[in-house]
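Note that the coordinates shown come from a computational prediction; the quantities given were computed from them, not determined experimentally.
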2 protein chains.
Amino acid sequence: MKRDSRLSAVLHALLHMAERIEPMTSDELAQCLGTHPVVVRRTLGLLREAGLVAAGRGHAGGWRITADLSSVTLRQLHEVLGEPALFAVGNRDENPGCLVEQAVNAALDDAFEAAEALLLERFAAVTLADLAADFARRHQARRSGGKR
Amino acid sequence: MKRDSRLSAVLHALLHMAERIEPMTSDELAQCLGTHPVVVRRTLGLLREAGLVAAGRGHAGGWRITADLSSVTLRQLHEVLGEPALFAVGNRDENPGCLVEQAVNAALDDAFEAAEALLLERFAAVTLADLAADFARRHQARRSGGKR
DNA sequence: TTTAATGTAACATCATTAGTTACATGAAAC
DNA sequence: GTTTCATGTAACTAATGATGTTACATTAAA
């Protein structure tokens, strides 16, 4: 199974955009992310539909953040991306008539639901502003570390 | 991405085997699971290597459980299956030089590690004996429900 | 010796993400 | 207005990995 890394990608893109005044083009972002400009447009397009970013066309066009960094959580971004399946493992059949399968599914579902709830709770607790602050901290650390 | 449902499948197979004295053939199990006998042999083969089941060849051959039901946990089975990746979403790049990506990955990894720890903890708390008991309960409930 | 079972390699199928090409559309610069 | 630079989007390709299937060797009991 190929992992869905779009959440990671949009976070990376948004933080780069947050560090700049002018809009960033899909080409620039694609270089930052090591991917293809069309992939950037495709993915950021979902954020645009959700009103989190805006895209300008033509000269001096590009992407900019329109939302408040402190009001956007990882969970919200996950939802904007269409709430892709979080788990790579799961039940064979969600509607089994077999009682054995029902017992198995119930046990697995319990565990997966608990883990999913925790994961989404964690996602809800982290904002873009938090990530930007963490980046600034790392940036600071590298600079002072480099001087010594 | 296609979900890995082997844990669900082996649990289903093991519980069916637990309900019977005689060994069950790959064909029988494949019918129970709605899959192909070779898939059964391939997957149960991992459990055989781990000493949890034994396979007899030739006439009156088939699969039987050799482990104690109360000593085998879902977590152990997950390990026996090679600890497949649990999550369908993740970071783009596990070793980024970019500080932005580092900040993003750190936040996501925190959340995923917490969820994974919880999931494995839940897996460790459930044994095959628990599932068999749950199945018996459901079986009982259906029988008494059907009589009324 | 026949028959019924596993063991296993090799290949086909299917689903999904990511990457790419091609072209239409829109907006600013000249 | 025409050029240029950017997004918007459809359609196709590639890569990945689980699952399904075929084929055949091996083993053990009847």
Side-chain angles (χ1 to χ4, degrees), chain A residues 1-10 12-13 17 22-50 53-64 66 78 81-93, chain B residues 1-10 12-13 17 20 22-50 53-66 78 81-93:
Chain A
M1 170 195 295
K2 217 173 196 176
R3 272 185 164 181
D4 182 342
S5 61
R6 289 177 303 160
L7 180 57
S8 173
V10 298
H12 193 170
M17 289 157 67
E22 323 91 59
M24 288 185 77
T25 66
S26 304
D27 275 309
E28 288 169 327
L29 287 168
Q31 278 215 318
C32 288
L33 305 192
T35 182
H36 198 282
V38 172
V39 175
V40 172
R41 289 200 278 271
R42 188 190 290 157
T43 312
L44 287 188
L46 296 171
L47 273 58
R48 184 194 57 224
E49 289 169 11
V53 300
R57 299 164 88 138
H59 273 277
W63 300 87
R64 64 193 166 81
T66 54
H78 172 65
L81 292 176
E83 304 195 51
L86 291 170
F87 294 103
V89 304
N91 295 332
R92 310 180 35 78
D93 183 354
Chain B
M1 154 209 296
K2 217 172 199 176
R3 270 185 165 181
D4 182 342
S5 61
R6 289 177 302 160
L7 179 56
S8 174
V10 298
H12 193 170
M17 289 158 67
R20 294 229 326 216
E22 322 92 58
M24 288 184 77
T25 66
S26 304
D27 275 309
E28 288 170 327
L29 288 168
Q31 278 214 319
C32 288
L33 306 191
T35 183
H36 199 282
V38 172
V39 175
V40 172
R41 288 200 279 272
R42 188 191 289 157
T43 311
L44 287 188
L46 297 170
L47 304 203
R48 185 194 59 224
E49 290 170 11
V53 301
R57 299 164 86 137
H59 272 278
W63 300 88
R64 63 193 167 80
I65 302 180
T66 53
H78 173 66
L81 292 176
E83 303 195 53
L86 291 170
F87 294 104
V89 302
N91 296 330
R92 313 179 35 77
D93 183 356

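We find that CZ of Phe87(A) is positioned 17 Å from P of dA18(D), with the value rounded to whole Å. Computed from coordinates, the Leu7(B) CG to dA18(D) P distance equals 14 Å when rounded to whole Å. What separates CG of Leu33(B) from C1' of dG20(D) is a distance of 14 Å, to the nearest Å. For the pair Glu22(A) CD and dA6(D) P, the interatomic distance rounds to 13 Å; values are reported in whole Å. To the nearest angstrom, C1' of dG8(D) lies 13 Å from CG of Leu44(A). A straight line from CH2 of Trp63(B) to P of dT6(C) spans 7 Å, rounded to a whole angstrom. Atom CG of Asp27(B) and atom C1' of dT3(C) are 14 Å apart (whole Å). Whole-Å rounding puts the Met24(A) CE to dC5(D) C1' distance at 17 Å.
Going from atom NE2 of His36(A) over to atom CG of Leu29(A) covers 14.0 Å, rounded to the nearest 0.5 Å.
Gly56(B) comes within 4.0 angstrom of sugar-phosphate atoms only, judged by non-hydrogen atoms across all strands, and of no base. Here Arg92(B) lies out of heavy-atom contact (under 4.0 Å) with every strand. Among the atoms of the strands shown, only primed sugar atoms or phosphate atoms (P, OP1, OP2) are found under 4.0 Å from some heavy atom of Gly62(B).
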How would DNA chain D look in dot-bracket form, 5' to 3', counting Watson-Crick and G-U wobble pairs with both distances under 3.5 Å and writing | for bases paired to another strand?
||||||||||||||||||||||||||||||
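Here the closest heavy-atom approach between residue Arg92(A) and residue Thr35(B) is recorded as NH2-CB, 4.0 Å. Shortest non-hydrogen contact noted between His78(A) and Pro84(A) is CE1-O, 3.3 Å.
Looking only at side-chain heavy atoms (C-beta outward), Leu47(B) and Val10(B) come within less than 4.5 Å of each other. Between Cys32(B) and Met24(B), some side-chain heavy-atom pair lies under the 4.5 Å cut-off. For the pair Met17(B) and Val53(B), the minimum side-chain heavy-atom distance is below 4.5 Å. Proximity of Thr43(B) to Leu81(B): side-chain heavy atoms (C-beta onward) are separated by under 4.5 Å at one or more points.
Close to dT19(D), at under 4.0 Å from its OP1 or OP2, lies a side-chain N or O of Ser5(B). A close approach under 4.0 Å does occur between a side-chain nitrogen or oxygen of Ser26(A) and OP1 or OP2 of dT7(D). The side chain of Arg3(B) places no N or O atom within less than 4.0 Å of a non-bridging phosphate oxygen (OP1 or OP2) of dA15(C).
If you find the closest nucleotide of DNA chain C to Pro37(A) and to Arg48(B), the one lying nearer the 5' end belongs to Arg48(B).
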Sugar-phosphate means primed atoms, P, OP1 and OP2; the rest is base. With that split, encode nucleotides 21-30 of chain D 5' to 3' as B, S or - using protein heavy atoms under 4.0 Å.
BB---BBBB-
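Residues satisfying the side chain to side chain contact (heavy atoms under 4.5 Å, CB included) criterion with Ala54(A), sequence neighbours excluded, are Arg64(A), Thr66(A).
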Using the rule given for side-chain hydrogen bond (donor to acceptor under 3.5 Å, both in side chains), can you reason through Ser26(A) versus Trp63(A), listing the C-alpha separation, both sets of side-chain angles and the distance that settles it, and then say yes or no?
CA-CA 7 Å; Ser26(A) 304; Trp63(A) 300 87; 2.9 Å; yes
Does the side-chain contact (heavy atoms from CB on, under 4.5 Å) test come out yes or no for Leu46(B) and Arg6(B), once each step is laid out?
CA-CA 11 Å; Leu46(B) 297 170; Arg6(B) 289 177 302 160; 4.0 Å; yes
